[in-house]
There are 2 protein chains.
Amino acid sequence: MAEGLADASESRAERKERTRRAILDAALALAADSNLAAISLRQVAKQVGVVPTAFYRHFGSLELLGLALVDESFRSLRLMLLDVWRHAPEYRDFIDGSLPIVAQHVRENRSHYAFIARERTAGPPRVREAIHHEIALITRELATDVARTGAAEQYSSEDIALLADLIVSFVVTMAERLVEHPDSEAQTLAEARTQLRMLLVGALNWQSREA
Amino acid sequence: MAEGLADASESRAERKERTRRAILDAALALAADSNLAAISLRQVAKQVGVVPTAFYRHFGSLELLGLALVDESFRSLRLMLLDVWRHAPEYRDFIDGSLPIVAQHVRENRSHYAFIARERTAGPPRVREAIHHEIALITRELATDVARTGAAEQYSSEDIALLADLIVSFVVTMAERLVEHPDSEAQTLAEARTQLRMLLVGALNWQSREA
DNA sequence: GTATTGAGTGAACAGACGTTCACTGAAAGG
DNA sequence: CCTTTCAGTGAACGTCTGTTCACTCAATAC
């Protein structure tokens, strides 16, 4: 089972995982110049430095590879959000506390966010669905979190959901901009800060009854 | 010059324009199943019922065809917006007056909106730029319109621009949803109505000084 | 009535595509 | 130590790709 004593080479599983990672990274890089549906299995294989057939040892198709990338992207994203929400009560200002963390995560995972931004609207149907599902889950979590902290007691639960959706949609748009214009991060962030404030001032003055 | 008397066949220019339209429509239809970067010149030609080479008589590349589609989409969109803004003062409620018109236009031009939604993030760079440019123009027009009607006198001009951007971004998101779930138009619209109201309640209570 | 223009043709090209198959050879299992 | 497993190989297939070129032949121009 074990490889006995000191062995400089990797185990079988380690090598496989290394190739799998290389394939994921290559696909991410190649898709960045167009999109997932426009790249070919052979391009990916060539970039990895492996024969086209080897691809099938790891993924049944480019679409399944795409689903793996969605999974990977959102696993990291959710960890970041968990961190944001756990520390939220400590913030003197929720917006100023949270936005920079999101911006930092986008900066450090630009290619993943770029992938999500593109494939969310242009990817293969199953990939699109997977992304929308993940975003819907996050929206639901934000809604329960808003309800739990009692920040909007005058809201009906339906309206809390709509508010959460409004916020998530806005942050998605902001993330798209951070991806597209990495050099303008400071300005994008400053503008988003003001806009989110405008939006939340609306939240504070909103009453569900005035539908 | 003229074609003399009664002639059942089309003029040369008419035939050319008819083929051009067929190419635009074919590309729009084929890209709907993936995206512009993933379709081929030969697929388009086959769909039109013309030999691949004939494509070049109308467009130098698929990318230029994409730019033509952007142009076409936004020309129609701008006419609709002109109509919305001209009749805005008559509305008892601006939101209830405008949103249904936008929704109707999306319904009647679904393939164009789907194209814009996809290529906005996943299209060839020049196509993406063209779309963002058009959206920026519309945002600027909305800002001057908001400023002109004096609906937000307490706003700095920078904040009017940010508010306009917030509204346009939201409507873009709403349009994406109308495209993706045509069957839920009524619900999407009802939710968007509430969300836009939340947002604008924020606008009314916002003051530029509290940055 | 003759000359020009130009949208559409059809063959040809070199290369890339996805997928199949039988294979190798080192790591892991017993 | 011998056997099994399986990530990666390499050739082969039929099909599709963008682009070139010389061409036809009806509508237009003069």
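Sequence lines set the chain letters: A, B, ... in the order given, protein chains first and strands last, and positions in each chain run from 1. Quick note: numbers below take in every heavy atom, side chains included, and nothing from hydrogens, waters or symmetry partners.
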For atom CD of B/Gln187, is the number of surrounding heavy atoms from other residues, nucleotides or ligands below 6.0 Å larger than 12?
no
Value in whole Å for how far the P atom of D/dG8 lies from CZ of A/Arg18:
9 Å
Residue pair B/Glu191 / B/Gln195, side-chain donor-acceptor N/O under 3.5 Å
no
Close approaches to DNA chain D from residues 46-64 of chain B, in residue order (heavy atom, under 4.0 Å)
B/Thr53, B/Tyr56
Take B/Arg12 and B/Arg42, find for each the nucleotide of DNA chain C with the closest heavy atom, and name the residue whose nucleotide sits nearer the 5' end.
B/Arg12
Between A/Thr173 and B/Ser169: side-chain donor-acceptor atoms closer than 3.5 Å
no
Starting from the 5' end of DNA chain D, give me the residue, B/Ser40 or B/Ala13, whose nearest nucleotide shows up first.
B/Ser40
Length of the CD-P vector between A/Glu14 and D/dC6, whole Å:
17 Å
Less than 4.5 Å apart, any side-chain heavy atom of B/Arg78 and any of B/Glu134?
yes
Can you find a pair of side-chain heavy atoms, one from A/His105 and one from A/Ser76, that are under 4.5 Å apart?
yes
Gap between atoms NZ and P, on A/Lys16 and D/dT5 respectively (whole Å)
15 Å
Between D/dT17 (C1') and A/Leu41 (CG): distance, integer Å
17 Å
From C/dG8, C/dG25, D/dG8, pick the nucleotide closest to the side chain of A/Thr19?
D/dG8
Can you check the A/Arg15 CZ to D/dT5 C1' distance for me, whole Å?
16 Å
Do the side chains of A/Leu163 and A/Leu142 get nearer than 4.5 Å, heavy atoms only?
no
Starting at atom CZ of B/Arg20, determine the distance to atom P of C/dG6, rounded to an integer number of angstrom.
17 Å
